[in-house]
*Asks:* 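Right, I'll just put the structure down here and ask away after.
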Amino acid sequence: MRRLFLVLLAIFAFVPAALAAEPALTIYNQNFAVVRQTFPLDLRAGVNQVRYTETTAFLEPDSVILRDPSGHVRLQILEQNYRNDPVSQELLLSLYEGKTIDFLIREQNAERIVQGKIIRSGYVPHRAAWQQYGQPYYQAQMAMMQGGASQPIIEVEGKLRFGLPGQPLFPALADDNILKPALDWRIETDRESRFDAELSYLTGGMRWEADYNLVAPEKGDVLDLVGWVTIDNQTGKTFENAKIKLIAGDVSKLQPAQAMEAYDVVTSRAEVAGGMRPVVTEKSFDEYHLYSLLRPTTLRDRETKQVEFVRSAGVKAERLYVYDGAWIDPNRYRGWNMENIRQDRDYGTRSNPKVWVMQEFKNTEANGLGIPLPKGRLRFYRRDDDGRLEFTGENVIDHTPKDEKVRVYTGNAFDIVGERSRTNFRLDSVKNEWMDESFEIKVRNHKKEPVEVRVVEHLYRWTNWEVRLASHKWIKTDAQTVEFRVTLPPDGEQVITYTAHYWW
């Protein structure tokens, strides 16, 4: 009986945004984040109705944790409801489909009211509807929008009109309408209490990535490197003076069935040497790396924010030229098994004339780095003789630990070309136990300076092979790949020949 009496005394509490403390964000480079927010909570003994309206539009309701961080107050959440249908003109039009409302029409110095029946609102739910209602529903809505079905249809004086005849005038809002996403709780506690509650949850719509700019001088390949953290907030919520941490690594996170395809402190040596305070610190955390912004910052909705996190000068890099001349047509061999491919006489005989340009450097302390580099985009620039920077290529790197090598493709060489042709092919026609295949590779240099080119050849036919009659020295780089390294003089050419012998 006493329990029933307490339920009848349940109160409604609304948490104002102004009283909420500074939030904390941990953003993962897999398009999600953990949000932690504290706010004052005033509860009476019994069951309380509480609404919290400072959530994101992509909150994962089943990830919500509400607790007293001090552990003194015992909370039991009897019920939680997540509302993510904030009022908008489009939403209200959808709620009044089939009904007649007033429209205000302004004409020069006059205003008049006409009545129109809403035949179709054209409302397309927020992207969060993908998660809330499912992928097929969302895709159907998007298909309708692309086909023009998102345009409202209003019946005015017996005629259909595509588009609104004027400003719609709606009746007053119902009590259950909301102006922003909200969490509604029914919370039971055994005693009256006032404390700062901590709310934590996972949200989509938040991501970060690393971007690196590398600048080379007019001559040579000693680089200056600047790394930026780029944070993108598309959650529908602004975070004022947030404490931000960034997790780099491949964290396993299960996606919902309707998900969108969607430091011990270590700083860069250049920062320490220059006496500059670091903006971002890094440390190992579990099996990942954690980067922390040292100063709170405001992250506005639909804002992209950048923060410098590494700067280093004198990074020694090497430019590599790689010729992989055996071009494979993926369309020709689609659906073939490996046995059929190997027996095809034309397999791997088409020539690719392009010579790749690769940039390579070591992520070591001796090379001015030696810090974990989160995956991101590397952009390369070179300074022209007029002092201006010119873009020379870009690519992406995966998470790279310290003391590992970075090698990326940045484009194709203009003045170095290759040519590859098969000169002989012999197959054991009696027992079908061996095969011989001979190739000639020509590499030409039209530059005014000598260059070294790494000629890569793939021994595709079988796992048992040997190279015979090679014109140049070669090295075995893996179980079915060899590499010839040749130096080309200015306006010079090198011709490589070899025979691959297979047996089975």
*Asks:* Please verify the inter-ring angle class for Phe484 with Tyr498; under 30° counts as parallel, over 60° as perpendicular, anything in between as tilted.
*Replies:* tilted

*Asks:* Quick check for you: to the nearest 0.5 Å, what is the distance between Arg420 atom CZ and Arg350 atom CZ?
*Replies:* 12.5 Å

*Asks:* Please determine whether a side-chain nitrogen of the Lys or Arg among Glu198 and Arg67 lies less than 4.0 Å from a carboxylate oxygen of the Asp or Glu.
*Replies:*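 Looking at Glu198 and Arg67, the cut-off is met.
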
*Asks:* Show the numbers, then the answer: is there a side chain to side chain contact (heavy atoms under 4.5 Å, CB included) between Val357 and Arg319?
*Replies:* CA-CA 7 Å; Val357 180; Arg319 188 186 311 178; 3.9 Å; yes

*Asks:* Taking NZ, NE, NH1 and NH2 as the nitrogens, is one of them in Arg444 or Glu493 under 4.0 Å from a carboxylate oxygen of the other?
*Replies:*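 Counted as a salt bridge, because a side-chain N and a carboxylate O are separated by less than 4.0 Å.
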
*Asks:* If only atom types and distance count, is the side chain of Asp68 paired as donor or acceptor with the main-chain N or O of Ala197 below 3.5 Å?
*Replies:* no

*Asks:* Would you indicate whether the side-chain heavy atoms of Val417 and His446 approach each other to under 4.5 Å?
*Replies:*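 Yes, close enough: below the 4.5 Å cut-off.
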
*Asks:* Nearest 0.5 Å, what's the CG-CD1 distance between Asp62 and Ile65?
*Replies:*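 It comes to 11.0 Å.
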
*Asks:* Between the main-chain N or O of Arg485 and the side-chain N or O of Lys473, is there a donor-acceptor pair closer than 3.5 Å?
*Replies:*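 Here the side-chain-to-backbone pair does not exist.
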
*Asks:* Between atom CZ of Arg377 and atom CD of Glu394, what is the distance when rounded to the nearest 0.5 Å?
*Replies:*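 Nearest 0.5 Å value for the CZ-CD distance: 4.5 Å.
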
*Asks:* How about Thr423 and Thr497: do any of their side-chain heavy atoms sit closer than 4.5 Å?
*Replies:*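 No, too far: nothing below the 4.5 Å cut-off.
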
*Asks:* Between the side chains of Thr481 and Asp478, is a donor N or O closer than 3.5 angstrom to an acceptor N or O?
*Replies:*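 Note: Thr481 and Asp478 side chains meet the donor-acceptor criterion.
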
*Asks:* Would you check if Leu246 and Val229 make a side-chain contact, meaning some heavy-atom pair closer than 4.5 Å?
*Replies:* yes

*Asks:* Phe361 and Leu214: which non-hydrogen atoms are nearest, and at how many Å?
*Replies:*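 Heavy-atom minimum between the residues: CE2-CD2, 4.0 Å.
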
*Asks:* Under a 4.0 Å N-O cut-off, is there an ion pair linking Arg422 with Glu437?
*Replies:*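 Counted as a salt bridge, because a side-chain N and a carboxylate O are separated by less than 4.0 Å.
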
*Asks:* Between the side chains of Lys237 and Glu54, is the shortest nitrogen-to-carboxylate-oxygen separation below 4.0 Å, so that they form an ion pair?
*Replies:* yes

*Asks:* Just checking, any donor-acceptor pair under 3.5 angstrom between side chains of Thr56 and Thr235?
*Replies:*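 No, because no side-chain N or O of Thr56 sits under 3.5 Å from a partner of the opposite role on Thr235.
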
*Asks:* With heavy-atom distances below 4.5 Å as the criterion, would you say the side chains of Tyr409 and Val322 are in contact?
*Replies:* no

*Asks:* What pairs of residues pass the ring-ring contact (aromatic ring centres under 6.0 Å, His included) test when at least one of them lies in residues 374-393, not counting sequence neighbours?
*Replies:* Tyr381-Phe391

*Asks:* Atom CD in Glu419, atom OH in Tyr323: separation rounded to 0.5 Å?
*Replies:*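 Reported to 0.5 Å precision, the distance equals 7.5 Å.
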
*Asks:* Looking at Lys354, I want to see if its NZ is surrounded by more than 12 non-hydrogen atoms of other residues, nucleotides or ligands under 6.0 Å.
*Replies:*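 Count not over threshold, so no.
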
*Asks:* Return yes if some donor-acceptor pair links the side-chain N/O of Tyr201 with the main-chain N/O of Leu66 below 3.5 Å, else return no.
*Replies:*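 Side chain of Tyr201 to backbone of Leu66, a donor-acceptor pair under 3.5 Å: no, none is there.
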
*Asks:* For Lys375, is there any backbone N or O sitting under 3.5 Å from a side-chain donor or acceptor partner on Glu209?
*Replies:* no

*Asks:* Any donor and acceptor pair, going by atom type alone, linking the side chain of Asp224 with main-chain N or O of Val215 inside 3.5 Å?
*Replies:* no

*Asks:* If you measure only the distance, is there a donor-acceptor pair under 3.5 Å linking the side chains of Thr26 and Arg36?
*Replies:* yes

*Asks:* Identify the heavy atoms of Gln80 and Val64 that sit nearest to each other, and give their distance.
*Replies:* OE1-CG1, 3.3 Å

*Asks:* Using side chain to side chain contact (heavy atoms under 4.5 Å, CB included), reason through Val307 and Ile244 one step at a time and then give a plain yes or no.
*Replies:* CA-CA 11 Å; Val307 178; Ile244 297 178; over 6 Å; no

*Asks:* Do Thr297 and Ile231 touch side chain to side chain, with heavy atoms closer than 4.5 Å?
*Replies:* no

*Asks:* Is the side chain of Asn445 donor-acceptor paired with the backbone N or O of Pro450 at a distance under 3.5 Å, no angle test?
*Replies:*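 Between the backbone of Pro450 and the side chain of Asn445 there is no qualifying donor-acceptor contact (under 3.5 Å).
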
*Asks:* Please lay out, stage by stage, how Asn395 and Leu378 fare under the test side chain to side chain contact (heavy atoms under 4.5 Å, CB included).
*Replies:* CA-CA 5 Å; Asn395 214 317; Leu378 275 68; 5.9 Å; no

*Asks:* Look only at the side chain of Asn363 and the backbone of Ile371, and say whether a donor-acceptor pair between them is shorter than 3.5 Å.
*Replies:* yes

*Asks:* Please determine whether a side-chain nitrogen of the Lys or Arg among Arg454 and Asp324 lies less than 4.0 Å from a carboxylate oxygen of the Asp or Glu.
*Replies:* no

*Asks:* Determine, step by step, whether Val34 and Tyr28 satisfy the side chain to side chain contact (heavy atoms under 4.5 Å, CB included) criterion, reporting the C-alpha distance in whole Å, the side-chain angles of both residues, the deciding distance to 0.1 Å, and the verdict.
*Replies:* CA-CA 8 Å; Val34 176; Tyr28 293 72; 3.9 Å; yes

*Asks:* For the pair Lys402 and Glu365, evaluate salt bridge (charged side-chain N to carboxylate O under 4.0 Å, His left out) and give the outcome as yes or no after the intermediate values.
*Replies:* CA-CA 8 Å; Lys402 67 181 183 69; Glu365 184 174 352; over 6 Å; no

*Asks:* Can you find a pair of side-chain heavy atoms, one from Met206 and one from Leu299, that are under 4.5 Å apart?
*Replies:* yes

*Asks:* Measure from the side-chain N and O atoms of Arg382 to the backbone N and O of Gly220, and report whether any donor-acceptor pair falls under 3.5 Å.
*Replies:* yes

*Asks:* Judged by atom type as modelled, is there a donor-acceptor pair below 3.5 Å linking the side chain of Trp356 to the main-chain atoms of Leu320?
*Replies:*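 No, Trp356 side chain to Leu320 backbone: no donor-acceptor pair under 3.5 Å.
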
*Asks:* Between the side chains of Glu452 and Thr487, is a donor N or O closer than 3.5 angstrom to an acceptor N or O?
*Replies:* no

*Asks:* Thr230 and Asp211: side-chain donor and acceptor closer than 3.5 Å?
*Replies:* yes

*Asks:* Determine the minimum heavy-atom distance between Gly236 and Asp301, stating which atoms define it.
*Replies:* N-OD1, 2.8 Å

*Asks:* Please find the pair of heavy atoms, one from Pro374 and one from His399, that lie closest to each other, and give the distance.
*Replies:* CA-ND1, 3.7 Å

*Asks:* Measuring from Thr304:OG1 to Gln234:CD, what's the distance to the nearest 0.5 Å?
*Replies:*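 Thr304 atom OG1 to Gln234 atom CD measures 6.5 Å (nearest 0.5 Å).
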
*Asks:* Considering non-hydrogen atoms only, spot the tightest contact between Leu369 and Ser312 and give its length.
*Replies:* CD2-CB, 3.9 Å

*Asks:* Measure the shortest side-chain to side-chain distance between Val482 and Leu459 over non-hydrogen atoms and say whether it is less than 4.5 angstrom.
*Replies:* yes

*Asks:* Could you tell me whether the side chain of Glu457 reaches within less than 4.5 Å of the side chain of Trp474, counting heavy atoms only?
*Replies:* no

*Asks:* Once you measure the plane-to-plane angle for His458 and Tyr460, does it fall in the parallel (<30°), tilted (30-60°) or perpendicular (>60°) bin?
*Replies:*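 It falls in the tilted class, 30° to 60°.
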
*Asks:* On a heavy-atom basis, which atom in Arg207 and which in Ile27 lie closest, and how many Å separate them?
*Replies:* C-CG2, 3.8 Å

*Asks:* Mind checking the NZ-CG spacing from Lys316 to Asp221? Nearest 0.5 Å is all I need.
*Replies:* 12.5 Å

